[in-house]
Each structure stands twice: as structure tokens, then as C-alpha cells.
Number of protein chains: 2
Amino acid sequence: MTTVLIVDDEPQILRALQINLHAHGYTVVPAANGTTALAAAQTHAIDVVVLDLGLPDMDGLDVISGLRGWSEVPIIVLSARHGSHDKVEALDAGADDYVTKPFGLDELLARLRAAARRGGSQASQPLVTTPEFTVDLANKQVSRHGEAVRLTPTEWNVLELLVRNPGRLVSQAQILSEVWGPAYAKETHYLRVYMAQLRRKLEVDPANPVHLLTEAGMGYRFAL
Amino acid sequence: MTTVLIVDDEPQILRALQINLHAHGYTVVPAANGTTALAAAQTHAIDVVVLDLGLPDMDGLDVISGLRGWSEVPIIVLSARHGSHDKVEALDAGADDYVTKPFGLDELLARLRAAARRGGSQASQPLVTTPEFTVDLANKQVSRHGEAVRLTPTEWNVLELLVRNPGRLVSQAQILSEVWGPAYAKETHYLRVYMAQLRRKLEVDPANPVHLLTEAGMGYRFAL
DNA sequence: AAAACGCGTCAAGAACGTGTCAAGAAACCA
DNA sequence: TGGTTTCTTGACACGTTCTTGACGCGTTTT
């Protein structure tokens, strides 16, 4: 999941970008001025910044240098000015890209992808950790005390579904239909067998699970 | 000293850029077509690539993906086309920036500085080494105990895909569709044959692989 | 209090996936 | 064109995973 910080003083543009980027799978953190932008960049794990230079409280260039003071997050500058001088200044201040308005959404999305790709190396990994074991969603790997744990495909599918909904109750029917297919929604026996196997591989005391919990008659829950 | 590879089929533009960039302290490597560009990128230590998409011998996009196959060097695309679709394609192919002609020299210089700033830090070698063998992504060569290992094209493609995702589980379907094409996504037998060949050539004990691992029912994983 | 139900556990056969060898077909190169 | 390399395909043994049934235990319902 990529998190984008959008800085723009025009509420309608902010809203429009927010909606569109969210629709394309990005997590969006909005900011209407430079001060909140800099604050948000410190409190959130930002992967890319989209920055409109025309801000009410401070010069956009100062926002760039403010960010560059401590972060190497990719910055895409939006601006209505076509002047070459403005581009030079923004890029030299530390921006990574410069897009002039009006721009097509697909172009912005492409530049976002390019920027996120670059910064991607440092971005947060889809890792879920508990005191006992770690689930690496991207690499499909589970480790316990540093050692890799072998899971069968079905075991993995069940675990992944639960881990992707941490703390949430997942009904048996939902697990069964997502892992085995809708036709198997009532084969609750499968679940018992596989939950037992997962617990045997992951829990310290399989008979008294701490993370893979049963809610009798309802479903299962993954607790951190 | 920053070295820039300039790819443009128009001799006068090539000359003009060469002179101007040199005047600004850059070392310039010129190339008039895609083939020489890709060759030059391997023989010279390039810091930034400036690429005109309109080339006589091959599609500019193929030049981008050709470079991206082994290098993360920043690529700035020059193009006469303003169409948003072209920008999206170039950026998604792996370009870092897109400048439409006509452009001011100072803007190009600023984008060059921004690109060089980014690329400067990494200087990652396209070499992957394990205690047993070494994979040279750039030169498409594998050596074992200092001796070159002969791989067939398909063997190489499979190995490359795995090595580019170290530690990550790559599904059989993904390998098959990337190497043989989407239509072959279910021809898992191919994979078994080729994994066996790779292991025979690279593993100490092919029957007990250490680096080219099988995750039954899920896919394969390259471990360092 | 007994029965019914849901859950966890174990074990075994069936079904499926994998490794290996080998040979014919196709592609490539000189 | 001939010779070589590479790809595709088949057969079989082996290992893993899935499915299924049986049983014990605890909780809830009758």
C-alpha cells in the first residue's frame, strides 16, 4: 500500500485528487497548507508527496527544502506556471518531478507510479508481526524465532485471510468460500483440521492459542 | 563528474546537447540509435540517460525496458508528443521523467541535476552472489567457482526472474507467463524440467537444493 | 440429566504435485 | 544443408497435501 501526501490549498482539487487516488488504491493524507503538510510528513509514513506550489502560508519551495531537510521521499510538484524558471527552482530545491496544470489524471498516476517505484525500496513492507511469529504477505513466508515455517498452500491461504483482517472476526463461511470456493461454505470440518495445523505450527501452546482464536459458532479471529 | 548518455537520432540535436552539457561539466556519451545506446550503457558507467523516443531502429519504450532489465539508472525521456498516453507509457516502462519538446536548456539541466542527485547514491551492482555461484544480471552471465556456466535462453529467463526476486516466493503461474507467455501459465511440467536443469548446473547437490527452492503447490523461491 | 452440537485431535487412503530420465521435434548456426 | 543446441513431451516413481472418518471433550439445549 502506497501512502501519498497531497498538499494543495484549493479544496476541490484536494478532494478530487483524494477521491481519484484512493480509487486507484493509494492511501491519501491531505494537507491544505505547508505547515500541516510538514507536520503530516512527520507523523505518517509517506511514500510520495504531491505538492502544489501555490500555498497560502508559505512558499512551496520552502516546503520542499523543509522536507528535504530530513527525508528523501519523492516529491512531485504541481504548478500552474509554465515558466522554465519556476521548474528549475523547484527541481533544484529538491523536487523530483514537475507537472504543469492542467494535467491529465493518468499522467499524474503514471508519474506517481514512477516516483513510488523509486522510493519503493524503503517503503514499509507488508509484514505482520506477533511476539511469536512473523507473516510476510509479499514474500508468502512465515517465520518463527527467525526460522522459516513451512506451510501448505491451503494453510497459507487460510492464514493470509485471517492476517489480512487483524483483530476482526472472520466467519467460517467466509473463510471456506474464499479458500475452498463457495460450494464448500459448509465444510466446517476442513477448517477445524487446518486451524489445528496452523496452531501446531505457529502457537506456543496449540491447545491454548493466543493468536489464532476461535469464536465458537461464529468464526475465527487473528489477534496480534 | 557525471556521465550522461544521450540518445537522439537527429544529429544536430545530439551535437547541440553534447556541447551544452559538456559546457556545464557533464561527460557525454552520444548514441544515435537504440542498439548503440544499450551497448554504450553497458560499456560506460552511465549516471543519467537522456532518451529521445523517436529512434530509427527500435521503439524507445523497448530501450527503456532494455535498460531497466539490469539497471536502475535514471532515465529522462524527451519527446515531441504532448499526448498524455505517451507519457504514461514511457513512465510505466520505467522512465523517471518526461520532457516535451520544445524545452528550455535550463529546464533540462535542472531535471538532469534532480535525476543525478537521486541516482548518485545507489550505484548498485547488478550482481547477485551466493556462496556457490554468481549471477551477473547486466551481462547475462552465471559463474560457478570462477568458471562461466552455460545456460540456455529459457534457463536464463527462469533464473533471472527468480534472482530478481530474492527471497520472494514466485508462483509457478507467474514464472510461466513471464517466461513462456500467459498462454502457458498451466504448463507446470516445463518448470519442473527447467528447475531440474538449473539445479543440476548450479546446486552442489541438485537433489537437495539450497538456493533454488520448491514450495510445493505454491511456487519457487531463490534464497541467497 | 441426557442428548445434541460444535470443536479439536489423530490417522490413513486418495488425490495431486514434483523430480527425473529420455527421446523426438523444432530452432538455430555455420 | 548438416550438425548442434534447445525445447517440448511422455512415462514413471516418489513425496506432499487434501480429504475423510472416528473419537473425546466441553458447552449448550431439551
R144(A) vs T130(A), side chain to side chain donor-acceptor pair (under 3.5 Å): CA-CA, chis, key distance, verdict: CA-CA 10 Å; R144(A) 190 180 169 193; T130(A) 76; over 6 Å; no
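For the OP1/OP2 pair of dG17(C) and a distance below 4.0 Å, the side-chain nitrogens and oxygens of T214(B) include no atom meeting the criterion. OP1 or OP2 of dT8(D) lies within a sub-4.0 Å distance of a side-chain N or O belonging to W180(B). Regarding contacts with the backbone of dG8(C), a side-chain N or O of Y220(A) is found under 4.0 angstrom from either OP1 or OP2.
Between W180(A) and Y194(A), the ring center distance clears the sub-6.0 Å criterion. With ring centers used as reference points, H145(B) lies 6.0 Å or more from F133(B).
Counting heavy atoms from C-beta on, the side chains of V4(B) and V29(B) never come closer than 4.5 Å. Using a 4.5 Å heavy-atom cutoff, the side chains of L224(B) and H211(B) are not in contact. The shortest distance between side-chain heavy atoms of V28(A) and L17(A) does not fall below 4.5 Å. Side-chain contact between L202(A) and E132(A) is absent, with no heavy-atom pair separated by less than 4.5 Å.
Atom CE in M218(A) sits about 11 Å away from atom P in dC7(C), given to the nearest Å. When rounded to the nearest whole Å, the span between CG of L198(A) and C1' of dG8(C) equals 14 Å. If you measure from atom OH of Y194(B) to atom C1' of dT6(D), you get 6 Å, rounded to the nearest angstrom. Atom CG in L191(A) sits about 13 Å away from atom P in dC18(D), given to the nearest Å. The interatomic distance linking Q197(B) (CD) with dC21(C) (P) rounds to 11 Å, in whole Å. Atom pair L176(B):CG and dC7(D):C1' shows a separation of 14 Å (rounding to whole Å applied). Taking atom CG of L212(B) as the reference point, atom P of dT18(C) lies 15 Å away to the nearest angstrom. N208(B) places its CG atom 12 Å from the C1' atom of dG19(C), with the value rounded to the nearest Å.
No more than 12 heavy atoms of other residues, nucleotides or ligands sit less than 6.0 Å from atom CE of M218(A). The number of heavy-atom neighbours closer than 6.0 Å to NZ of K101(B), taken from other residues, nucleotides and ligands shown, is above 12.
Set against dG8(C), dT8(D), dC10(C), the side chain of R199(A) has dG8(C) as its closest nucleotide. Comparing atom distances between the Q172(A) side chain and each of dC7(C), dT8(D), dG19(C) picks out dC7(C) as nearest.
Of the residues in residues 147-162 of chain B, those placing a heavy atom less than 4.0 Å from an atom of DNA chain D are T152(B), P153(B), T154(B), in numerical order.
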Reading 5' to 3' through nucleotides 20-30 of chain D, protein heavy-atom contacts under 4.0 Å coded B for base, S for sugar-phosphate only, - for none: BBB--------
